[in-house]
Structures are given as structure tokens and as C-alpha cells.
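Take a look at the structure set out below.
This chain uses plain numbering: 1 for the first residue, then up along the sequence. As the structure lists them, so they are numbered: ligands from 1, and atoms in each ligand from 1.
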Amino acid sequence: MAIGLFGCVCGQFHSPASGMGMAGEGRVKAPVPFYVIEHPDGVALFDCGLPTAMADPEDSYLRQLRSQDLDVTFGPQDTVTSHLERLDIDPARVRYVVLSHLHFDHAGGLHQVPNATLVVQRREWEAGFDRDLSRRYFLPTRFFDLGHPVKLVDGEHDLFGDGRVVCIPSFGHTPGHQSVRIRSALGDHILVADACYNAEVAQARRFPDYSDPAAMNASLDRLLALREAQTVMVFGHDPGQWGEAPILPAARA
Ligand SMILES: [Zn+2]
């Protein structure tokens, strides 16, 4: 049985171009995607978008972001719950959430999928509970420490044991960042997440200040080397991949 892959946009960032590793002085709008994977053995998400509280302009974390020149627009139709309902998937049925990393825009929506097991690189999860690392890399526990069962993995991990959904470590953006390779009816996709924000960064290699640039370069080189002739790289926050013609379908054909 084929597996399904859907790309959902859970709000938008508004930031200086440099904040997204892009050239120019202006501001850019960049999507916050997450992904729905329908496998015969269960539904998995790759990342989980923003917390629903961010739809409230007075949300405390949102105010903190604004003080750092980053803003978010996020409506009720953008939540994980709304996207799953549109796909006719009960959020309670989500079996796994593979987290690329623990940033608020990737783990923040976890409160909407109470029965999921989180699949996280061990070193990422440990960093989230380490006082110094969690500060340096912005990993507040309020977004991910909600009592879900957690499966900690070390390095590559084949989620369903059939080679179709494989976690690939891509450390550097945060201590235990991971990407995932999906082999679906749509072809081969590597969901890069924040190992590379967009296609421009893949060339220019401009990474966030807090990240480990040597590790990010090595991870990105490894991910790019995994490409086969038909592989599509889906970057973490790439406006060019989620505009008028999104790179992945968001709804059933
Ligand atoms: Zn991030």
C-alpha cells in the first residue's frame, strides 16, 4: 500500500531577510510547515507547527519574539488540528510525531496530538533539559515536555521498518537536529527542516548565530549527498517552495 505525504503550512514568520539567511535589507515572509505522513501502520507527523496560543497577539512568547524583530501570523485555519481535520484524520489517531528539533515552531503544536509518541534524537532531548544548552539554543520545555511517550533515537532510524520513512541526523542548527527521507507515491523527498532554511542558504551557507556552523555545513553536505536523480529537497522555511504552487499537496487529490 502506498503512503501519503502532505505538506501543511502552520502560519508565517515575518523577519529581516538576514534572520532567514537571505541576502538583502528588507523583510521576508517565510512559511512554518509541518508534514503529515499516512502509512499503513499509522499516521506520523514530521514536526508539529506553532502552539495555538500564538493566534493570540498578546501571547507572552510571541511578545518576546517581537522584541527580537521576529513576528508571526497564524490563524485558526492554520493549526495542526484544522489541517488534520481537513485531511479527515482524527488528531487522537496520530501515532508518531517525529521532531526535527525542539524549537517552538516545530514542537509548539504538540498539545494537539495527545496520543502520539515523540521520536527525537537523544542528544536533542537531553539538550532540552540542560540548563546551558537549552538557553543557548532556545529550547523552552513548555513546548515539548507535555507528558507524551518519547522514543529517543541515536542517529539514523527507520520509523516503520520498511525504509520508507527514515530519520537522518543533521546536527548543528540545534545539538540533535534531524531530517527525514520519505519514499512515497509522490517520489523521494528529503524533509530537511532547519538543517537548511531555504534554497539560498544551501548555496550561501548563512546559518543562525547560535548554531554550530561547522556541524551545519557537514550535515548539509551529507543531506545533499543523499540526493538521487529524482529526490526533492524540502527546506525548512523556504518562501519559494510554499507560495502559489506548494511543493507538496496539502489536501487529498
Ligand atoms: Zn529551528
Ignoring waters, protein N/O/S atoms under 2.8 Å from the Zn ion (ligand 1) are His101 NE2, His103 ND1, His173 NE2, Asp194 OD2
May I have the list of side-chain donor-acceptor pairs in residues 155-164 shorter than 3.5 Å, sequence neighbours left out?
{"from": "Asp158", "atom 1": "OD1", "to": "Gly161", "atom 2": "N", "distance (Å)": "3.0"}
{"from": "Asp158", "atom 1": "OD1", "to": "Asp162", "atom 2": "N", "distance (Å)": "3.4"}
{"from": "Asp158", "atom 1": "OD1", "to": "Gly163", "atom 2": "N", "distance (Å)": "3.2"}
{"from": "Asp158", "atom 1": "OD2", "to": "Asp162", "atom 2": "N", "distance (Å)": "3.4"}
{"from": "Asp158", "atom 1": "OD2", "to": "Gly163", "atom 2": "N", "distance (Å)": "2.8"}
{"from": "Asp162", "atom 1": "OD1", "to": "Arg164", "atom 2": "N", "distance (Å)": "3.1"}
{"from": "Asp162", "atom 1": "OD2", "to": "His39", "atom 2": "NE2", "distance (Å)": "2.7"}
{"from": "Asp162", "atom 1": "OD2", "to": "Arg164", "atom 2": "NE", "distance (Å)": "3.0"}
{"from": "Asp162", "atom 1": "OD2", "to": "Arg164", "atom 2": "NH2", "distance (Å)": "3.4"}
{"from": "Arg164", "atom 1": "NH1", "to": "Met1", "atom 2": "O", "distance (Å)": "2.8"}
{"from": "Arg164", "atom 1": "NH2", "to": "Met1", "atom 2": "O", "distance (Å)": "3.4"}

Polar side-chain atom of Gln178 near backbone of Leu99 as donor-acceptor pair, under 3.5 Å:
yes
Could you name each residue pair satisfying side chain to side chain donor-acceptor pair (under 3.5 Å) that touches residues 218-227, not counting sequence neighbours?
Arg205-Asp221
Side chains of residues 136-147: which donor-acceptor partners sit under 3.5 Å, not counting sequence neighbours?
{"from": "Arg136", "atom 1": "NE", "to": "Tyr210", "atom 2": "O", "distance (Å)": "3.2"}
{"from": "Arg136", "atom 1": "NH2", "to": "Tyr210", "atom 2": "O", "distance (Å)": "3.0"}

Lys/Arg N to Asp/Glu carboxylate O, Arg95 vs Asp41, below 4.0 Å
no
With no hydrogens and no angle check, do the side chains of His106 and Asp194 hold a donor and an acceptor under 3.5 Å apart?
yes
